[in-house]
Structure formats: C-alpha cells, structure tokens
Amino acid sequence: MKFQAIKGVRDILPPESALWNRVEQAARDVFHTYGYGEIRLPIFEPTELFARSIGTETDVVAKEMYTFEDKPGGLPPLGPYVPPEDYTAALEHAMRSGQIPDMQSNRAVLDGLKGWLGIMKDELVPQEQRSAAFGNWTATLGHIVLGEQLSLRPEATASVVRAYIEHGMHTRPGNVKLHYIGPMFRRERPQKGRYRQFYQIGAELLGPSDHPALDAEVIEMLLAFFARVKLTGAKLYINSIGDKNCRPAYVERLRSELQKVHEKLGADSQRRIETNSLRVLDSKLPEEQPIIDKLPHIADHLCDACREHYAELKRQLALRNIEYEENWRLVRGLDYYMRTTFEITAPGLGSQNAVCGGGRYDGLVELLGGPAATKGIGFAIGTDRLMLSLEEAGAAATCGLDVFVAWFGAATYPAAAALARKLREQDISVELPAQEMKFGKSLSLADRLGARFAVIVGEDELAAGEFTVKRLADADQGKLAEADLLEYLKKSRTA
Ligand code: HAM
C-alpha cells in the first residue's frame, strides 16, 4: 500500500519552506513595529463558536467545516457481541466518571435505556415485546451525546475573540493587537490557490474605539508587509456594508429586488435570496452580472454614522497615500462583518486571486459574550496564494548551504568533524559526509547540493595546519589557517 497526502492538502518542502519562513518572519517583524504580538491558538474549537460567529448560513459553516464528535475512547465497540446491559453499564460508568457529558438529556437517555433493558430481561413479558424493546433500546441509544461537537478551525478571528474574552483582555491598556500564523481547514473543491488545509497570516485589533484611523492603519500595516516581501501588482478594494441600524433595511430592499428577477438567476443565487441575499452580490456567474449591476448599492442606504465612518476611512487612506478602489459588491463570505470590508488581489493567481480579506466586526465580541463596548477589525492573508504570487514573480529560495567539508583519509575525520562544529557555532550551515568519498564525487555532491564553498581537509592540510577553501561558483581557491578560514566564511555566509 502506498500512502499519499489526502486530496486538497500538501507538503511544503525545502527549499520552498525557506521562502515560507522568510515571509512569515517578515510578517512578525512588520507587525511588531505596529505593536502586534503573536497569539498561538488551538487548531480545534467547539463547532458552536464558528457557527455563532461566522454564521450558520455561510458556505464555510454550512458546507466546509471538518467536524467531529469528541467521543471518549474506552467505550466497548457497539456490535452484536456486546450485550446491551454491558453497553448500558459502560455508558453509565463513562458518564459518572466525566468521560461523556453528564447532562440532562444524557441522563434521560440512560434512564430510557435502563427501562428497555428491564423489559428485555423480564421473562414474564412475551418474547415479541422483549424483541421490540431491544429495537427501542437501540433507537434510544442514538440520542446519547458522547462528546462535544468540535471543528477544525476554518479561520481564526472567532478563536481570537474567544481568547480575548476568556482571558479578560479588555482590561489590558490601550488596544489589544494580536497576530497569528498557521493552518486553517475548509472542505472546498481543491484547485490552484485553493486547498483544504491552507495557511493564513492574520492580525486582529480589539479595543474600545472604532475610529476609521484604526481601519486605515491596519490596511497600512498590511501593505507595508506586502512591500517588505516585494509583492508587486497588489490591488486594494474597499467597501462599507453598514451596521445593524442600516443594513437590515438595505438587505430587505435587495431581497425584494432579487425576488423580481428570481427566474433569471442561477440555482445558488435563487437559494441565497432567502438565506443570505447579500451573498448574491458575490456571484461570479457571467449571465448574472448584468442583473446584479442594476441592484441597489448599499452606499446609497448607509445611515449617517456609517456614511461618515466610510468617508473618514477614505480620508485616512488618502492621507497615508494608499491607493484603493471602491467595490460596492465586496460583502465578504462571513457574517460577522459590519462597516469596513476590504480585499486585496494579487497577480498570477487565476480565479482565486484574493490574497487577503478583512474588515470590521464591532458586534462580535458582544455576540460571543464579551463586553459590548469592544470593537474589532482585522484581516487574514492566504499565505499559499501569497507564495504562489511571489513565486510567479520570480522569488526563489536557495538551499542556503554554506560549506561542504570534503575530507580525505580516515585520520582527517576528527579534524573535519571539529571544524564543522566550529563553523556551525558561527551560524554557518555545513554538510559533512559521514563516510569518506572520492575527491571528484565529493566535489560534485557539494556542487549539486548548492554549497557555496568546499573546504578540503586532507592529510597534507592537516600536516600544514591549513585548510583549502574553494568557492564553487568560480572555482577560486586558496589555503587558510583555521582562524582565518572562520573569519572568511563568516563574512561571506548567506544572509
Ligand atoms: P477569508 O476571506 O475567508 O477571511 O480568508 C482570508 C484569505 O484566506 C483569503 O483571501 C484567501 O487568500 C485565503 N483562503 C481562504 N480560503 C482558502 C483556501 N481554501 N485555500 C487557500 N487560501 C484560502 C477570513 O478568514 C477572516 N477571518 C479574515 C479576517 C480577519 N477578517 C477580520 N479579521
């Protein structure tokens, strides 16, 4: 049997992983200058956290989460060989010992199971009824909750807000600024730039103020990071989707306009008219575009406060010389947004060209049980897509091997090993063959590994107290004593 990575997930191998590390480190460095600290979050959380914050009607929650019941081990496997009384007893024990939730509904299920067991074992009851009781026992068993529903995180904003509330971070001075780097999971149809395990670099700002200067600064930080990693051709799109005062009326208006053109829309959009009409604006179907173009724009339906917030955001972007394009259809696929939404596209990505998405989510902390006064804004960059775009533009990682130590003659090995260790102590990367190799083979391997230098340790070199160092790019070579060699290699090591 041959194992392969499952559909939609992949390995990131060296040397590409070195480029990933560089990009992730650049994010840490840039975000640090804006006062963000790293938060490390769990990979899985209660399903309910995502359902509540992202919204049950969104594609992410309705179709794409990897969800499982966190059931305990140790229960006997249910099958024809396990007598129902043993299984019932095992469940009761598991509940008493806290392995499965000791909750009202589970206690009722257990009572029911015992009731049916009583009938099954009662010899005075006719056989027919005792068999029926077994059927009822099995059916009742189906209602037991063995464990909490958990999901692999499809995104991290919900987790950040959960952590913010759990740790009472609203008592910290100023705004709480957090960033995260890591894998997310969505069961989407895999294609270029779309994976089932993908990576995000994200940042969230939580605090008492919703001033648009914060929105603009978050966007500025994002663009500073893109500039640091030399992403070219990125385009920023912005929108405001209003708040709970003005959006409901707009959504109603949109719905009634959509109902008028119901017949002309595809099945997905038809369904969304009722479940999530804003999302119709996201449709990419060519035949729906002329219809969507005629729909009312939210900008014309914002309340005064939202209109002023959006206008100030644009002023704040302008004073930072940030170029943007307004896109009235930018509604985003997650329910927690209000007011500012934004996305950044990058070249070289085909149809999955959004390299980053974000926005304001002022009501989310309250929705999840935190202080109502806390506002929030943030974004997440799709690292896979960022890397694709950078690689298309020519970014390449090198293997980063500095030195290949070629030793000849068994007596030289201790000196070669000692030299390798001293070089490594100076942060120089070294490859040291474990077994002696022929001179030609040794230098050819050094070349193929991409080493920048070969250091030759032979018996002559040992006797003379010098090493031969060869720069592989141009075959320039010379002899150096150990101290000089260390100095020379330190100066020319890879950055
Ligand atoms: P999102 O738009 O769902 O937002 O995802 C952000 C970015 O993650 C996307 O623009 C895309 O680059 C990348 N991405 C999403 N799904 C996939 C996938 N299947 N494969 C590869 N890349 C993908 C959020 O996740 C929000 N939590 C962003 C946010 C933070 N809003 C406020 N704070």
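Only heavy atoms go into these numbers, but all of them, side chains included; no hydrogens, no water, no symmetry mates. Bear in mind that the values here come from a model prediction, so they are computed numbers and not experimental data. Order of listing sets the numbers, starting from 1, for every ligand and every atom in it.
For atom 7 (C) of ligand 1, the closest heavy atom belonging to the protein is A380 O, 3.6 Å. Looking only at heavy atoms of the protein, atom 31 (N) of ligand 1 is closest to Y337 OH, 2.6 Å. Remark: minimum distance from atom 13 (C) of ligand 1 to any protein heavy atom is reached at G382 CA, 3.5 Å. Of the protein's non-hydrogen atoms, the one nearest atom 27 (N) of ligand 1 is E155 OE1, 2.5 Å. Nearest protein neighbour of atom 20 (N) of ligand 1, counting heavy atoms only, is Y195 N, 3.0 Å. Distance from atom 9 (C) of ligand 1 to its nearest protein heavy atom, with residue and atom name: A354 O, 4.0 Å. Atom 21 (C) of ligand 1 has its closest protein heavy atom at G193 O, 3.2 Å. Residue, atom and distance of the protein heavy atom nearest to atom 32 (C) of ligand 1 are G378 O, 3.3 Å.
For F379, a nitrogen or oxygen atom sits less than 3.5 Å from a nitrogen or oxygen atom of ligand 1, counting backbone and side chain alike. For R194, no nitrogen or oxygen atom sits less than 3.5 Å from a nitrogen or oxygen atom of ligand 1, counting backbone and side chain alike. Ligand 1 has no nitrogen or oxygen under 3.5 angstrom from a nitrogen or oxygen of L334. For ligand 1, the polar-atom distance check finds no N/O of Y180 at less than 3.5 Å from any of the ligand's N/O atoms. Ligand 1 has a nitrogen or oxygen under 3.5 angstrom from a nitrogen or oxygen of R186. The shortest N or O to N or O distance between Y361 and ligand 1 is not under 3.5 Å.
For ligand 1, the atoms lying closer than 4.0 Å to a non-hydrogen atom of V355 are 10 (O), 12 (O). Close approach of ligand 1 to E188 (heavy-atom distance below 4.0 Å) involves ligand atoms 16 (N), 17 (C), 18 (C), 19 (N). Of all atoms in ligand 1, numbered sequentially from 1 with element shown, those under 4.0 Å from a heavy atom of E204 are 30 (C), 32 (C), 33 (N). Heavy-atom contacts of G357 reach the following atoms of ligand 1: 10 (O), 28 (C), 29 (C) (cutoff under 4.0 Å).
Using a non-hydrogen distance threshold of 4.0 Å, R332 registers as a contact of ligand 1. Close to ligand 1: C356, with a non-hydrogen atom less than 4.0 angstrom away. Between Y336 and ligand 1 there is a heavy-atom distance shorter than 4.0 Å. Remark: distances from the non-hydrogen atoms of G358 to ligand 1 include one below 4.0 Å.
The pair R329-D282 fails the salt-bridge criterion, with no side-chain N (NZ, NE, NH1 or NH2) lying under 4.0 Å from an Asp/Glu carboxylate O. Between D215 and R360, at least one side-chain N (NZ, or NE/NH1/NH2) sits under 4.0 Å from a carboxylate O, which counts as a salt bridge. With respect to the salt-bridge test (charged N to carboxylate O, under 4.0 angstrom), the residues E343 and R332 qualify. For the pair R22 and E24, the salt-bridge criterion is not met [side-chain N within less than 4.0 Å of a carboxylate O]. Taking a cutoff of 4.0 Å between a charged side-chain nitrogen and a carboxylate oxygen, E325 and K235 qualify as a salt bridge. Taking the charged nitrogens against the carboxylate oxygens, K230 and E391 have no contact shorter than 4.0 Å, which rules out a salt bridge. The residues E148 and K71 are annotated as not salt-bridged, no charged nitrogen and carboxylate oxygen being separated by less than 4.0 angstrom.
A heavy-atom distance below 4.5 Å is found between the side chains of I292 and S283.
Between the side chains of E204 and T157, a donor-acceptor pair is found at a separation under 3.5 Å. For the residue pair D29/Q25, the side-chain donor-acceptor check at 3.5 Å is satisfied. A side-chain donor from one of E220 and Y34 sits under 3.5 Å from a side-chain acceptor of the other.
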**OP:** Verify side-chain hydrogen bond (donor to acceptor under 3.5 Å, both in side chains) between Q259 and E274, making sure each step is shown before the conclusion.
**Re:** CA-CA 9 Å; Q259 275 156 352; E274 298 314 322; 3.1 Å; yes
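Remark: R153 is not positioned above the aromatic ring of F185, lacking an NZ or CZ atom under 6.0 angstrom from the ring centre and at most 45 degrees off the axis.
When all heavy atoms of P296 and E257 are compared, the closest pair comes out as CD-CG, 3.8 Å.
Of all the heavy atoms of Q200, the ones lying under 4.0 Å from any atom of ligand 1 belong exclusively to the side chain. Of all the heavy atoms of R196, none lies under 4.0 Å from any atom of ligand 1, so neither backbone nor side chain is involved.
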